[in-house]
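When a ligand or atom number is given, it counts from 1 through the structure's own listing order.
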Amino acid sequence: MTVEVLTVETVPAYLASRADLAGLVDLASATVQEVGDGNLNLVFIVTDAAGGSLVVKQSLPYVRMVGESWPLSQDRILAEARGYDAATRLSPDTIPTYFGLHEERRVIVLEDLSAGTVWRRALNEGRISRGAAAVIGRHVARVGFGTSPFGLDSADYLRALAVSPNPELERITLDLVFTDPYRDHPDNAWNLAIEADVLGLREPLLLDEVAALKLRFQTGAEALVHGDLHTGSVFVPAEGDADAPPAKIFDLEFAFAGPVGFDLGAFFGNVLLAQARAAVLDRPAEFQEWLASLVAEAWDAFESEFRTLWPTRVDEAFTDGFLEQWLRRTWSDAIGFGGLKAIRRIVGLAKASDIESLDEAQHVAAARWVLGTARAIIEGREAVVDREALAALVGSRLAELRAGA
Ligand code: SR1
Ligand code: MG
């Protein structure tokens, strides 16, 4: 099914037809801007003369960054709506206010957070955003617990699983994260100076780990996860805005039933990109030290929130000892997925501005470092048992990068 695509001209009339949204913005004085800078969708900000505003998001029938030659079902907005429904119930303060889905038009309406900054941009500028990583950890814990067999009766969990398919976007992730970077593919591209590093990713030891993580992604349906929780899916406050919450998580269209560690991993992998950038740009020590604390901040908030929720689990057969085992498994998943998420942004389609906007010498040094570090993490997963071990590994490699810069 393909539905009519909205334009800046048609959005006011569309909103006027939505009695449920009446009063949120004054349509008589409203202006509309299309601001979608992600890879997939249309995003409109509607602002009125009194400063009221809303976001209207519609899925396009194709992949925006590629064009109509890559058709993609508009049903992905249904997955995003399921994600917002769950997060609104379980963790309302970590997402924008969600005003609901209009299924027939494949539209969702959200609070406008554009007064803030997309976190990737703030990181690229060298800005410190205190408390944002903890928001990610808390969000993952609350939604992960509440949509898993820990928080849901088994029948409710199975019913939720049955209505949570997102096969087209899972396929994109399978291809772009777990498959294409490790084979010849027309969408891959890299600077020739790192050719040996890229082709070195195809060695059997790493490919075995990639395979294990791929199967975990495909079959580890523990909970409804965000599915694309990189630093471009998070708003942080504008510089100097002390009143705004430390972070809000958005862009939930990749939401699927998967392993809880996948979302933490997406964040960890993107922290690695930010660390590489900061090192080659020789950013101030305070900024680099803060970057180095983000994985621990997110993990500690996740673990603490999960432990707080644990006594409310619906099934006491999940013992306290099992929680320790599950947390270890989730850490191991997270760092493995994190390594893969970093690699895909260097090798495959949809790269990250952290690395792409560097000048050539810096780009080469940062990209090579990301590949080598991500690989060391994935291959050494069994030894990287906690956040201290990860910090030691990344820290020693960063020292080498700085010494060579
Ligand atoms: C074709 S979509 C490319 C990427 O954009 C999204 O942000 C996801 O990360 C996806 O892999
Ligand atoms: Mg996105």
Side-chain angles (χ1 to χ4, degrees), residues 34-44 55 57-84 87 95-96 108 110 113-114 116-121 123 136 139 166-182 185-189 210 213-214 217-218 225-236 247-256 258 262-273 337-356 370 374:
E34 204 284 306
V35 297
D37 66 351
N39 296 326
L40 295 175
N41 303 295
L42 287 172
V43 180
F44 300 94
V55 163
K57 178 170 181 177
Q58 186 180 42
S59 50
L60 284 164
Y62 53 86
V63 174
R64 179 179 184 149
M65 69 178 291
V66 174
E68 295 184 33
S69 63
W70 186 342
L72 191 64
S73 163
Q74 289 171 285
D75 290 356
R76 61 187 182 275
I77 206 90
L78 309 181
E80 181 153 17
R82 285 192 293 271
Y84 275 118
I95 54 161
I108 59 172
L110 297 157
L113 297 175
S114 62
T117 311
V118 173
W119 199 5
R120 192 186 301 286
R121 187 169 306 156
L123 289 166
I136 291 180
H139 175 93
N166 197 1
E168 285 193 286
L169 295 212
E170 281 187 54
R171 162 58 64 193
I172 289 177
T173 304
L174 280 169
D175 288 345
L176 271 56
V177 176
F178 296 92
T179 312
D180 295 346
Y182 307 95
H185 190 279
D187 289 337
N188 290 341
V210 176
L213 288 159
K214 184 173 186 175
F217 172 87
Q218 287 179 294
V225 304
H226 179 289
D228 198 27
L229 220 179
H230 54 77
T231 52
S233 296
V234 182
F235 271 110
V236 292
K248 293 274 185 176
I249 292 163
F250 66 102
D251 247 6
L252 279 68
E253 69 231 335
F254 281 79
F256 78 109
F262 189 68
D263 285 346
L264 294 167
F267 176 60
F268 294 175
N270 280 266
V271 170
L272 219 52
L273 303 178
F337 290 133
L340 299 184
K341 289 285 213 166
I343 289 171
R344 60 80 54 109
R345 298 288 181 196
I346 304 295
V347 178
L349 186 71
K351 295 190 164 54
S353 57
D354 319 43
I355 307 297
E356 293 307 293
V370 169

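- Scanning all protein heavy atoms for the shortest distance to atom 11 (O) of ligand 1 gives R344 NH2, 2.7 Å.
- Using 4.0 Å as the threshold, D228 has a heavy atom nearer than that to some atom of ligand 1.
- The protein heavy atom nearest to atom 2 (S) of ligand 1 is L40 CD2, 3.9 Å.
- Counting only heavy atoms from C-beta outward, the side chains of D251 and D228 never approach each other to under 4.5 Å.
- Every atom of ligand 1 is numbered from 1 in the order shown, and the set under 4.0 Å from a heavy atom of A350 is 3 (C), 4 (C).
- Under a 4.0 Å criterion applied to the non-hydrogen atoms of L176, ligand 1 contributes the atoms 3 (C), 11 (O).
- Numbered from 1 in the order shown, with element, the atoms of ligand 1 that lie under 4.0 Å from a heavy atom of V63 read 1 (C).
- Among heteroatoms of the N, O or S kind in D251, OD2 lies nearest the Mg ion (ligand 2).
- Where the criterion is an N or O separation shorter than 3.5 Å, residue side chain and backbone included, R345 meets it with respect to ligand 1.
- Taking backbone and side-chain atoms together, D228 has no N/O/S atom less than 2.8 Å away from the Mg ion (ligand 2).
- Residue-ligand proximity, H230 to ligand 1, at heavy-atom distances under 4.0 Å covers atoms 7 (O).
- Ring geometry for F256 versus F262: interplanar angle over 60°, hence perpendicular rather than tilted (30 to 60°).
- The shortest side-chain heavy-atom distance between V43 and F250 does not fall under the 4.5 Å cut-off.
- The shortest distance between side-chain heavy atoms of F254 and L40 falls below 4.5 Å.
- Side chains of R82 and N166: a donor-acceptor N/O pair is absent below 3.5 angstrom, by distance only.
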- request: Go through R64 and D37 one step at a time and tell me if the side-chain contact (heavy atoms from CB on, under 4.5 Å) criterion holds.
  value: CA-CA 9 Å; R64 179 179 184 149; D37 66 351; over 6 Å; no
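- Contacts of K341 with ligand 1, taken as heavy-atom pairs under 4.0 Å, are absent altogether.
- With respect to atom 5 (O) of ligand 1, the closest heavy atom belonging to the protein is N39 ND2, 2.6 Å.
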